[in-house]
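Here's the structure we're looking at; comments come further down.
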Amino acid sequence: MMAGRGLRLSVAAWAVTRAVLLMCVLRVWVMPGSDVSVDIEVIYQGWYGVLRTGTFPYDDVTWQYPPAAALAVLAPGLLPFLDYAPAFFVVCFLADAAVYALLLYAVRDGRRPASGVWAWVVGVPLLGPIVYARYDVMVTAVAVAALLAAGRRARLSGALTAFGALLKVWPVLLLVGTPRGPRTRAAWGAAAMTAAVLGLVFAATMPGALAFLTFQRDRGTEVESLGSLVFHLGRHAGWHGHARLHYGSVEFLGPYVHTMSRLALVLSVLAFAWLLLWRVRARRFTACTPYEAAFASVLLFTTTSRVISPQYVVWLLGLAAVCLTMGTRRQRLPIALVLLAAPLTQLEFPIWFSHVVASDKLGVATLTLRNGLLVVATLISCARLWRETVSPPETPDTPDDPPAEKEPALLAG
């Protein structure tokens with residue numbers, strides 16, 4: 001009875017908070033700081049016009065996304081009775097609703113905790129209207145569906161993961177934690193087949209499908225990334241660089257920026273090497289391992305990236321919600337840190353973004369705290385994943401953490 005009342009309360013909380021987010025992006029209520037809707041009205045709508053002609057915007061350096069991202073940009077066309085920007089916000093709202101519905105379905109029988117539902121309900125408004133002003137929430141919906149299908153429908157999970165990766169690359173990391181054996185072969189095989197088929201279709205039918213690879217390679221150090229803190233502080237110590245709109249985001253330009261960008265790439269390579277080592281050495285896979293590994297790996301690549309755009313946090317919120325729904329205990333502290341980082345992300349963009357770009361004390365302090373929380377969350381998450389799956393066990397498995405093979409289906413039927 002208490003669980004039922006709690007879920008009904010979550011419905012009300014979701015409806016109210018999402019109405020507020022829609023009012024923000026539709027400018028019924030104007031938030032302070034930068035306008036999060038400008039990219040939709042200018043950049044996304046421009047891509048929409050090009051994509052409708054059957055080609056990718058391969059001469060636009062701001063197009064830095066895999067080919068299936070075209071579907072996300074074209075999706076507002078399904079609502080022809082609305083202008084492009086309002087239609088885009090509605091599609092994002094529906095993707096948010098899909099994540100919420102999937103989480104509710106997962107806990108429908110009362111055997112799983114509702115904490116994951118609440119993490120999503122609360123986390124999204126803490127991050128702010130940016131969730132509806134970028135297409136990342138659509139990718140997150142696909143990723144959440146893929147993870148929740150992983151228990152018994154490995155092929156479906158793999159296919160959804162591949163589709164998500166063709167939307168925005170990072171969902172490929174969801175495959176890292178699949179238990180060895182038939183489930184890994186099924187999930188990875190379905191992912192490879194889906195990616196190959198869809199990739200060939202896009203390459204054969206739409207020119208410029210792979211142009212995003214060049215534009216991603218040439219990106220620099222964005223002002224919200226971990227590496228940017230060196231230059232934020234350096235501006236107070238005589239560094240003579242500046243922040244400018246470059247490759248679709250505000251990046252630092254000046255001495256040593258290229259070196260820092262290369263260092264970020266090295267860190268990402270080291271992160272991949274650590275994940276590969278973990279995959280080889282991990283032996284004790286439990287029911288929670290696939291979800292914990294997905295959360296840890298996406299955290300790892302988010303913090304080491306040259307770019308930490310505010311909408312990236314919505315990926316972490318979606319994966320955190322799944323982890324909590326599946327009953328993880330080991331990742332609760334990193335998840336709490338991500339939830340704390342969400343409102344700080346909204347402060348640094350859009351509310352205080354001018355302070356971040358100016359590298360003043362308020363902007364640097366906010367960004368340092370946000371990035372610090374993500375770094376600490378990453379270290380704790382990865383350490384706990386390693387300790388529980390690679391290090392010699394100190395105690396027997398607890399009843400709430402059964403072997404992965406015994407996990408019930410969540411999306412059966």
Side-chain angles (χ1 to χ4, degrees), residues 95-108 111-120 123-124 136-179 183-184 186-191 194-195 275 279 282 285-302 312-332 334-335 338 381 385 389 401-402 404-413:
D96 175 9
V99 175
Y100 179 57
L102 286 167
L103 295 170
L104 282 179
Y105 185 81
V107 302
R108 68 194 183 282
R111 292 186 298 168
R112 295 191 180 278
S115 52
V117 174
W118 279 105
W120 182 254
V124 167
D136 295 77
V137 68
M138 305 181 203
V139 188
T140 302
V142 176
V144 168
L147 276 180
L148 291 178
R152 288 280 183 85
R153 296 188 169 189
R155 289 185 176 84
L156 174 61
S157 178
L160 287 171
T161 297
F163 179 57
L166 287 172
L167 282 168
K168 204 163 187 179
V169 181
W170 67 266
V172 73
L173 297 170
L174 306 184
L175 296 171
V176 73
T178 54
R183 285 170 63 183
T184 285
W188 292 19
T194 302
L275 278 177
R279 177 72 193 184
F285 282 73
T286 69
C288 290
T289 300
Y291 317 105
E292 295 173 346
F295 178 66
S297 59
V298 174
L299 257 176
L300 194 59
F301 278 91
T302 299
Y312 291 8
V313 178
V314 76
W315 315 343
L316 302 174
L317 293 175
L319 300 182
V322 173
C323 282
L324 291 173
T325 297
M326 302 310 294
T328 182
R329 293 185 176 184
R330 291 179 288 272
Q331 297 296 324
R332 286 182 180 176
I335 288 170
V338 168
S381 179
L385 180 67
T389 58
D401 208 9
E405 290 75 17
K406 297 182 181 179
E407 182 179 357
L410 289 176
L411 295 181

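Given the structure is predicted, the values throughout are model-derived calculations rather than measurements. Residue numbers run from 1 in the order of the sequence given.
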Minimum heavy-atom distance Thr184-Arg279, with the two atoms named: OG1-NH2, 3.1 Å

Distance-minimising heavy-atom pair for Gly177 and Phe285: O-CE2, 3.4 Å

Shortest non-hydrogen separation from Ser297 to Ala294 and the atoms involved: OG-O, 3.0 Å

Validation row: Cys323, Cys288 side chains within 4.5 angstrom (heavy atoms): no

Ser157 side chain vs Arg153 backbone, donor-acceptor pair below 3.5 Å: no

Polar side chain donor-acceptor pair, Thr389 to Arg330, under 3.5 angstrom: no

Flag side-chain contact, heavy atom, 4.5 Å: Val124 against Tyr100: no

Check: Thr161 side chain, Val172 main-chain N or O, donor-acceptor pair, under 3.5 Å: no

Pairwise side-chain contact, Arg112 with Val107, heavy-atom cut-off 4.5 Å (strictly under): yes

Side-chain touch Trp120/Leu102, heavy atoms, less than 4.5 angstrom: no

Leu324 side chain reached by Trp118 side chain, heavy atoms, under 4.5 Å: no

Nearest heavy-atom neighbours spanning Leu103 and Gly116: CD1-O, 3.9 Å

Separation between CD of Gln331 and CG of Leu299, rounded to the nearest 0.5 Å: 8.0 Å

Donor-acceptor contact below 3.5 Å, side chain Thr289 vs main chain Thr286: yes

Where Leu175 and Trp188 come nearest, the two heavy atoms and their spacing: O-NE1, 3.1 Å

Validation row: Leu174, Leu319 side chains within 4.5 angstrom (heavy atoms): yes

Crowding at CZ, Arg155 (>12 non-hydrogen neighbours, <6.0 Å): no

Sub-4.5 Å side-chain heavy-atom contact between Val139 and Trp170: yes

Student check: side-chain heavy atoms of Phe301 and Leu275 closer than 4.5 Å: yes

